[in-house]
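Notes for the one structure printed next.
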Amino acid sequence: MACVFASLASCSRQQRYAAPPIEGDNVVIRMASLPREVPQFYSYSTKGNDVNFFVIRMQDRVFSFLDACLTCYPRKLGYESKDGFVVCRACNSSYSVYKLEKGLGGCYPIRFEGRLEKGYYLIPRSTLERHAGKF
C-alpha cells in the first residue's frame with residue numbers, strides 16, 4: 001500500500017528539470033546541443049516558481065513550449081516525451097513532435113517565441129517570467 005501511495009504522490013507534483021543556461025537577459029541554448037526531434041525540458045526559477053518549458057529541434061528550426069497547456073496547467077503535471085510524442089501527464093492526450101508547431105488540440109503545449117541567432121536559441125527571460133503564474 002505504501003508503494004502505491006508513494007507512486008501516486010510522485011505523479012502529483014510539478015516536475016523539476018535542469019536549469020537552462022542563462023546569459024544576461026536571455027536563456028541561451030546551443031542549437032548543436034539539442035538532439036533532433038526530442039524535447040529537452042528545463043526549469044527556469046523566477047518569483048518563487050519554476051517555469052517549466054521544453055525546446056525541440058526540428059531540422060533547422062527550434063520551437064519552444066511551456067510544459068503546460070491552457071486546460072490542464074492547474075494540475076501542474078506537464079508533459080513527458082515518449083516515442084516521438086509529448087504526452088500530457090494530467091489527461092494522457094498525446095501529440096506528435098512533428099505536429100507541435102501547428103498547435104491543434106484541446107490540451108496542446110503553450111507555444112512561445114524564441115529566436116535563432118548565430119547557432120544559439122535565445123529566449124528572453126521576461127517571456128518566461130510572464131508565464132510564472134501557470135506554475
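Values in this document were obtained by computation on a predicted structure and should not be read as measured data.
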Quick one: pull up OH in Tyr42 and CZ in Phe54 and give me the separation to the nearest 0.5 Å.
-> 12.5 Å

Checking side chain to side chain contact (heavy atoms under 4.5 Å, CB included) for the pair Leu122/Val27: CA distance, chi angles, key distance, verdict?
-> CA-CA 6 Å; Leu122 285 74; Val27 166; over 6 Å; no

Please say whether more than 12 non-hydrogen atoms of neighbouring residues, nucleotides or ligands are located less than 6.0 Å from OH in Tyr120.
-> no

Gln40 CD to Leu34 CG distance, which is reported to the nearest 0.5 Å | 6.0 Å

Atom pair CG/OG of Asp83 and Ser96 - distance to nearest 0.5 Å | 11.5 Å

CZ of Arg130 to CZ of Phe112: how many Å apart, nearest 0.5 Å?
-> 10.0 Å

Any idea which heavy atoms bring Pro124 and Asn26 closest together, and the distance?
-> CA-OD1, 3.3 Å

Smallest heavy-atom separation, Tyr121 atom then Glu113 atom, equals OH-C, 4.1 Å

For Tyr79 and Arg89, run side-chain hydrogen bond (donor to acceptor under 3.5 Å, both in side chains): C-alpha distance rounded to whole Å, both residues' side-chain angles, the deciding distance at 0.1 Å, then the answer.
-> CA-CA 5 Å; Tyr79 295 88; Arg89 289 185 171 101; over 6 Å; no

Are Tyr95 and Tyr108 close enough, and set up right, to give a ring-ring contact (aromatic ring centres under 6.0 Å, His included), and what steps lead you there?
-> CA-CA 8 Å; Tyr95 300 97; Tyr108 222 78; 4.5 Å; yes

Do Ser43 side-chain atoms and Tyr17 backbone N/O form a donor-acceptor pair below 3.5 Å?
-> yes

Considering non-hydrogen atoms only, spot the tightest contact between Cys69 and Cys72 and give its length.
-> SG-N, 3.0 Å

First locate atom CG of Leu66, then atom OG1 of Thr127, and finally report the distance between them rounded to the nearest 0.5 Å.
-> 10.0 Å

Do any pairs count as a salt bridge (Lys or Arg N to Asp or Glu O under 4.0 Å) and have a residue in residues 36-61, sequence neighbours left out, and if so which ones?
-> Arg16-Asp50, Arg61-Glu101

Heavy atoms of Ile123 and Gly114 approach each other most closely as CG1-CA, 4.4 Å

Heavy-atom pair of closest approach, residues Ala132 and Asn49 | O-ND2, 3.2 Å

d(Ser64 OG, Ile110 CD1) to nearest 0.5 Å is 12.0 Å

Please collect all salt bridge (Lys or Arg N to Asp or Glu O under 4.0 Å) contacts where either partner lies in residues 24-34, sequence neighbours excluded, each pair once.
-> none

Is there a path from Ile22 to Leu116 through hydrophobic residues (I, L, V, M, F, W, Y) whose side chains come within less than 4.5 Å of each other?
-> yes

With distance as the sole test, does Asn52 use its side chain to make a donor-acceptor pair with the main-chain N or O of Asp67 at under 3.5 Å?
-> no

Of the non-hydrogen atoms in Leu77 and Ala90, which two are nearest, and what is the gap between them?
-> CD1-CA, 3.8 Å

